[in-house]
Each structure stands twice: as C-alpha cells, then as structure tokens.
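Take a look at the structure set out below.
Sequence lines set the chain letters: A, B, ... in the order given, protein chains first and strands last, and positions in each chain run from 1.
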Amino acid sequence: ETGVTQTPRHLVMGMTNKKSLKCEQHLGHNAMYWYKQSAKKPLELMFVYNFKEQTENNSVPSRFSPECPNSSHLFLHLHTLQPEDSALYLCASSQDREGSYNEQFFGPGTRLTVL
Amino acid sequence: AQSVTQPDIHITVSEGASLELRCNYSYGATPYLFWYVQSPGQGLQLLLKYFSGDTLVQGIKGFEAEFKRSQSSFNLRKPSVHWSDAAEYFCAVNTNAGKSTFGDGTTLTVKP
C-alpha cells in the first residue's frame, strides 16, 4: 500500500452503534488529520495529531473520539452518532504540523451514513 | 486569522475551452498557497503549490496558477480542459506556523 489508506470505504450504522474508522499512512509523516466533508458545506477540520500528540480539537462533539497509537495510524471511534453526522470523513497526513510548506496527503475517505 | 475565498461555487466549461478558477486569500504575512482537486468519491490531491520565487507555478495535469500579491489572488488556469478534469477544486493557504485553511471549493462541470 502506498500513500494514505482508509477503511472502511463505506459504513452504515445505527444511532446506537459503536464503530471505528481507520487511517494509515505509508509516507513517514508525523502529522495526521481528520476532516469532515458534508454536502454543501466547507471542509471541516476535526482533529490534528502531531508526533502522536493531539494538538487540535475543533469543538468536536464527544461522540467522536480520536486515537493515534503511532505516527502511522489514526482512528476515529464513533458512538451514539446522529443522522447529521452522515458525511465523508477524510484522513490526511503531512510531514509535520508546523511546516508551512507542507502539503497534506489525503486518503480516499469513508462515506458514513447514520440511520 | 487567515481566510480563503473561492467566489465561484460552480463553473461549467466546454471540453477544449480554457479554464480559470479564482482564489482570493487573506493573510498578513507571506502565504503558502495550494490548489487541490477532488474527484467524486475520492480524497483531495495536490495540483500545485507556491511558496516563493516565480509567481507562475506549474502543476500536474497541465494546470498552472499565478500568484498576485497585489490582488491577494492565486488563480488556477488550464488552457484546454478535458472531460476528466470535472471535479471539485480547493484552494488552500498555510500560515507560517503550518495552519491550513481551505476554501469552500469550486465544482467544475465539463460539457462535451
């Protein structure tokens, strides 16, 4: 595998379910990001990890819980979600958080539907 | 705080025609500018970036962009659009601390 991979690509869950999204980057990067992309809305940055430490949480509801066990893996644990949480969840990585010239490399996303 | 504006939500061009997508940014210091493309059902892919030097930068897939400091703009151009260019395009700016801000995106439709 190369680049940034995300699993699953599609997920349908009920409001009472617990599920997790997984992201893995094979680029040797140190920063990883979760974004939410809803229809007709701008890209929303949710969480940032830099060298495995969470550096940003942009007022994300506690029903979303990130985990970064190492610089290559990032998880988003989901529980008791709402229908409005249905969206495309994108993972990205970059060399590190502080590099102003660092572009982000994105995974293909997980299309989440909450029933 | 920095911001990015993409004035056009949706643009339609005919295949073979030229394309220009607009991007205006607001940032007090030297900006680091990027254009990304997102095909349906995919993540964002970097097209090109500008940090310094020549204000006309070349990217992948035949795209180029021109940085104009006086207009706070970084418009994306392509001389001849192909049907496969239909996608959503995002402009982004990084601060010198690495914080990224994305525009709302412009959806490009290509007519045959």
So which part of [X] gets closer than 4.5 Å to some heavy atom of chain A, the side chain, the backbone, both or neither?
X	value
B/Tyr50	neither
B/Gln45	neither
B/Leu44	both
B/Ser100	both

| field | Residues of residues 105-115 of chain A near chain B, each having a heavy atom less than 4.5 Å away | value |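 Counting heavy atoms that sit under 4.5 Å from chain B, the residues of residues 105-115 of chain A involved are A/Phe106, A/Gly107, A/Pro108.
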| Considering heavy atoms only, which positions within residues 77-91 of chain A lie below 4.5 Å of chain B? |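 Under the 4.5 Å heavy-atom cut-off, A/Leu88, A/Leu90 qualify.
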| field | Top contributor to chain B interface from A/Pro42, A/Ala31, A/Ser94 [non-hydrogen pairs under 4.5 Å] | value |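 Looking at each of A/Pro42, A/Ala31, A/Ser94 in turn, A/Pro42 comes out on top.
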Answer with yes or no whether the hydrophobic clustering places [X] together with [Y]; edges join I, L, V, M, F, W, Y residues whose side-chain heavy atoms lie under 4.5 Å apart.
X	Y	result
B/Tyr25	B/Leu56	no
A/Leu45	A/Tyr49	no
A/Leu43	A/Val48	yes
B/Tyr32	B/Tyr27	no
B/Phe74	B/Leu47	yes

| said: Sort by residue number and list every residue of residues 7-24 of chain B having at least one heavy atom under 4.5 Å from chain A. | reply: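 Under the 4.5 Å heavy-atom cut-off, nothing qualifies.
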| query | Looking only at heavy atoms, which of residues 59-69 of chain B get nearer than 4.5 Å to chain A? | reply |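 Contacts with chain A: none.
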| Contact class of A/Gln37 relative to chain B, heavy atoms under 4.5 angstrom |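 Contact with chain B involves the side chain of A/Gln37 alone.
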| said: Under 4.5 Å from any heavy atom of chain B, what part of A/Tyr33 do you find: side chain, backbone, both or neither? | reply: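 Neither; nothing under 4.5 Å.
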Write down the atom of [X], the atom of [Y], and the distance for their closest heavy-atom approach.
X	Y	result
A/Gln104	B/Tyr36	N-OH, 2.9 Å
B/Asn94	A/Asn102	ND2-O, 3.3 Å
A/Arg9	B/Gly41	NH2-O, 3.0 Å

